Amino acid sequence: MAARRDGRGAGAPTFTEQARRRQLVECTIDLISTQGYPSTSLSAIAERAGLSKAAVLYHFTSKDNLTRAALAHVLEEFTAYVTERVQAAPHPRDAVVAYVRAMVGYQRDNRRHVRVITEMLLDDHGGTRLKTPGSHDTAGRWQALADLLAAGQRDGHFRPFDPTVLSLAVGGAIDGVISHWLAHPDLDLDAAADELVTFTLRAIEADGGPGGAR
């Protein structure tokens with residue numbers, strides 16, 4: 001029997017196998033984003049990829065392994081996008097602004113990925129309750145903001161506050177806006193990002209900040 005390519009097989013996957021795994025991940029993202037997680041079966045993924053179910057199992061061994069790989073891919077792309085823009089910011093204030101705008105901008109431009117995250121992290125009762133409490137900080141999304149805020153405080157740029165609480169508040173505000181946008185696509189996310197930036201700066205700056213977005 002051929003070695004399974006789910007991290008337990010002998011040797012690293014070949015270039016061809018890596019390409020096939022990427023294809024299966026993309027097919028899984030497409031299906032979850034359009035049909036929902038419960039309806040995304042191995043058979044459906046195999047059909048979308050033009051493969052047999054056995055071929056899918058060779059690479060991932062189970063639906064759970066494959067869908068987790070799809071979620072991991074989405075979160076890695078999301079995190080890389082935000083990190084790149086935050087790291088390019090020259091000042092703590094600019095970094096926080098870049099974070100907020102990147103969080104909104106990525107989700108605006110990658111609706112498929114947003115659907116995967118919500119389908120896999122939220123329950124089936126209206127998509128408002130977390131399957132696992134605390135999973136909203138998957139991949140350290142809000143911890144990254146907390147670290148930015150703490151660094152700005154140490155440098156004297158922000159007022160005293162609890163960085164964890166503020167990061168959760170800002171994160172919750174972003175999640176709320178995105179959730180509304182998913183249900184009401186006519187929401188202007190660019191204007192919403194401006195308001196979220198103003199909200200965040202007024203919460204963290206000693207004098208309430210200038211309130212304007214850079």
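Bear in mind that the values here come from a model prediction, so they are computed numbers and not experimental data.
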Enter the distance from E26:CD to L31:CG here, rounded to the nearest 0.5 Å.
11.5 Å
Among residues at least two apart in sequence or on other chains, which ones pass side-chain contact (heavy atoms from CB on, under 4.5 Å) with A55?
L51, S52
Strictly by salt bridge (Lys or Arg N to Asp or Glu O under 4.0 Å), give each pair with a member in residues 79-90 just once, sequence neighbours left out.
none
Residue set satisfying side-chain hydrogen bond (donor to acceptor under 3.5 Å, both in side chains) with R115, at least two apart, ordered chain then number -> none
Testing V116, L71, I45, L42 for side chain to side chain contact (heavy atoms under 4.5 Å, CB included) with T28, which one passes?
I45
Under the salt bridge (Lys or Arg N to Asp or Glu O under 4.0 Å) definition, can you give me all pairs with a residue in residues 38-55, not counting sequence neighbours?
D30-R48
Applying side-chain hydrogen bond (donor to acceptor under 3.5 Å, both in side chains) to S62 and not counting sequence neighbours gives N65
Ring-plane angle category for W142 and Y99, please: parallel below 30°, perpendicular beyond 60°, tilted otherwise.
perpendicular
Would V165 end up clustered with F199 when hydrophobic side chains under 4.5 Å apart are linked, directly or stepwise?
no
Results of side-chain contact (heavy atoms from CB on, under 4.5 Å) for T83 - residues two or more places apart only:
T79, Q87
Has T61 got a side-chain atom pairing as donor or acceptor with L57's backbone, closer than 3.5 angstrom?
no
Go through the structure and list residues passing side-chain hydrogen bond (donor to acceptor under 3.5 Å, both in side chains) with Q23, not counting sequence neighbours.
R20
Would you say V104 and V177 make side-chain contact, with heavy atoms under 4.5 Å?
no
Pairwise salt bridge (Lys or Arg N to Asp or Glu O under 4.0 Å) hits with a residue in residues 57-81, at least two apart:
D64-R68
Residue pairs meeting salt bridge (Lys or Arg N to Asp or Glu O under 4.0 Å), one or both in residues 152-172, sequence neighbours left out, come to none
If the condition is side-chain contact (heavy atoms from CB on, under 4.5 Å), which residues does A46 pass it with, not counting sequence neighbours?
V56
Pairs involving residues 184-193, ordered by first then second residue, that meet side-chain hydrogen bond (donor to acceptor under 3.5 Å, both in side chains) (sequence neighbours left out)
R108-D190
Test of understanding: with side-chain contact (heavy atoms from CB on, under 4.5 Å), list the residues that count as partners of A19, not counting sequence neighbours.
R22
V170 versus I174: any side-chain heavy-atom pair under 4.5 Å?
yes
Check whether any side-chain heavy atom of R21 sits under 4.5 Å from a side-chain heavy atom of H73, and report yes or no.
no
Note, L189 side chain near I178 side chain (heavy atom, < 4.5 Å)
yes
Looking at E195 and A191, would you say the former's side chain and the latter's main chain have a donor-acceptor pair under 3.5 Å?
no
Within-4.5 Å side-chain heavy-atom neighbours: H59 and L66:
no
Keeping the roles fixed (side chain from E119, backbone from Y37), state whether a donor-acceptor pair exists under 3.5 Å.
yes
